[in-house]
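Each remark here refers to the structure printed beneath this line.
Whatever order the structure lists ligands and atoms in, that order sets their numbers, starting from 1. If you read the sequence from its start, that first residue is 1, and numbering goes on from there.
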Amino acid sequence: MENEELWQHVLSEVELSVSKASFNTWFQHTNIQTKQDGVVFISVPNSFAKEWLENKFFKFILKSIRSVAVDIKDVKFVISSVAQNAAVATAAKQKKKKEEEREIPLDNQLDFTGIDAETNLNTKYTFDDFVVGSANELAHAAAISVTKNLGTVYNPLFLYGGVGLGKTHLIQAIGNEVLRLYKGKKVKYVSSEKFTNELIAAIQSREMDKFKEEYRQNDVLIIDDVQFLAGKDKTQEEFFHTFNSLYEKNKQIIISSDRPPKAIPTLEDRLQSRFEGGMIADIGYPDYETRLVILQNKLIKKQISLPEEIIEFIANNFQKNIRELEGALNKVIVHMKISKGSFGVEEVKKILYPSIQTPKKNINIKQVIQMVANFYGVNEKQLIIKTRKQEIVKPRQVIMYLLREEFKFSYPSIGSKIGGRDHTTVMHACEKISRQLKEDESLNEEINLIKKIVHNG
Ligand code: ADP
Ligand code: MG
């Protein structure tokens, strides 16, 4: 069998067993370079693809090849500059195509930001551009499933996760995909803040009927960052009615939040139970592989190549927020373009140093507790036991706040170290301190001082 035919056979089998995004990411620009002494050499565009294919697809590929070419004993992957160039060329073509598409005046509903005035959706958020990894696999699968079973299987779909982890991207991708798949479906995306503002405006201008109709006629309603409805009774009330009206008609509702429904303070019970009546999926921190692929994809799109050790450095140092990960990459690219001399990891370190969340490996929870206790002149044991004395409660809340905001420990782990408290207690403490910090100048100074002490050991 000819090399090309053989490889087409393998690809057709792979395609059936992996997602489209994964197929595009790992198998584009792969080829059989040559066959020699029973070994097939497969050319791949870079070492990421090489490693990934070796680890995850070696057996599959070998088996697939052997099913049509029994004399083959082994498969080897080689990085080839031809494949690399092909990758860059395709990216260039795609970019050009997109630019040409943009010139068609039909798009005049889109302003320069790519946001559709009617649906509020940003066209840049697609499933194709969403990298799937262990942290978002479930959320992604649920999102895909929703596009195929509108209003029926997962209603509502409730996605939650920390800042910059892809909630908005994923829920907007659902909206964009629905518009692509079905003609004439009405989709509306709105942040809960916008929903609140529109509601207030409608009340003031006595246009509630219009507001109601506007929201209740959708086939898909997407509400982002629903945690901001906390404490807004009137808005929650209206949202509850909107929700019910859509739900009864089997219209799809999609919701995002930075935390699960249970942990949203002052969310009405009836809304909470509505949210919990559908599918709840969380998005966690992206693993290293995912971070690498996200960076790689960005570079391919921008047609820029960076040394692998720089890409790895960025992936290693921005672990908890994909927006920051992308921001770091952009920063490096800008500096690289204007730099005259050599440009390596050392330069990158200098550029990114201020924004790197320095891994404070050598500090543990216990040490932080000790230092804050010392600062407030209380004893460590007092902090752990149950008491509502203000002179104890405040340092305890400050500790929780610092452990979370400064050291990025998880809510449950903080709770368990501080007297086995529930993670919602920790969340409340952090919120309380955050709120006070906005108003209380002296608390600000206090906490800055504590941070200095803690960081200097
Ligand atoms: P959130 O709404 O959770 O704060 P966003 O959806 O705004 O986060 O994501 C922040 C940035 O990271 C966006 O530019 C988004 O496109 C990107 N991003 C997040 N997750 C992914 C992913 N899995 N693959 C590719 N890009 C992602
Ligand atoms: Mg968001």
Is there a heavy atom of G162 sitting under 4.0 angstrom from any atom of ligand 1?
->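 Checking ligand 1 against G162, which is what was asked, there is a heavy-atom contact under 4.0 Å.
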Proximity flag G161 to ligand 1, non-hydrogen atoms under 4.0 Å =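 It does not, in that no heavy atom of G161 comes within the 4.0 Å cut-off of ligand 1.
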For [atom], what is the nearest protein heavy atom, given as residue, atom name and distance?
atom	value
atom 25 (C) of ligand 1	D129 O, 3.2 Å
atom 8 (O) of ligand 1	G166 N, 3.0 Å
atom 4 (O) of ligand 1	G164 N, 2.7 Å
atom 16 (O) of ligand 1	H169 ND1, 2.7 Å
atom 2 (O) of ligand 1	T168 OG1, 2.8 Å
atom 11 (C) of ligand 1	E326 OE1, 3.7 Å
atom 10 (C) of ligand 1	R323 NH2, 3.7 Å
atom 24 (N) of ligand 1	V131 N, 2.8 Å

Which class fits the ring pair F127 and H140: parallel under 30°, tilted 30 to 60°, perpendicular over 60°?
->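 Ring orientation of F127 relative to H140: perpendicular.
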Say whether L165, considering both its backbone and side-chain N or O atoms, lies within less than 3.5 Å of an N or O atom on ligand 1.
->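 Yes.
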Given the side-chain rings of F195 and Y215, with only the six-membered ring counted for Trp, is the space between their centroids under 6.0 Å?
->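 Between F195 and Y215, the centre distance is under 6.0 Å.
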Counting only heavy atoms, which portion of I294 has something under 4.0 Å from ligand 1: side chain, backbone, both, or neither?
->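 It is the side chain that touches ligand 1; the backbone stays farther off.
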Is N136 touching ligand 1 with its side chain, its backbone, both, or neither, if touching means heavy atoms under 4.0 Å apart?
->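 It is the side chain that touches ligand 1; the backbone stays farther off.
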Distance-only side-chain donor-acceptor flag, [X] / [Y], under 3.5 Å:
X	Y	answer
N316	R291	no
D258	Y160	no
T290	D287	yes
S413	S410	yes

Determine, for [X] against [Y], whether the closest basic-nitrogen to carboxylate-oxygen distance falls under 4.0 angstrom.
X	Y	value
K210	E214	no
K186	E118	yes
E326	R323	no

Can you tell me if T168 has an N, O or S atom under 2.8 Å away from the Mg ion (ligand 2)?
->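 It does: T168 brings an N, O or S atom closer than 2.8 Å to the Mg ion (ligand 2).
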Distance under 4.0 Å to a non-hydrogen atom of [X]: what atoms of ligand 1 satisfy this?
X	value
I322	12 (O), 17 (C), 18 (N), 19 (C), 20 (N), 21 (C), 27 (C)
V163	4 (O)
Y125	16 (O)

Sub-3.5 Å donor-acceptor pair from the side chain of T266 to the main-chain atoms of G231, do we have one?
->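 Side chain of T266 to backbone of G231, a donor-acceptor pair under 3.5 Å: yes, one is there.
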K417, NZ: over 12 other non-hydrogen atoms inside 6.0 angstrom |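 Check fails, neighbour count at 12 or below.
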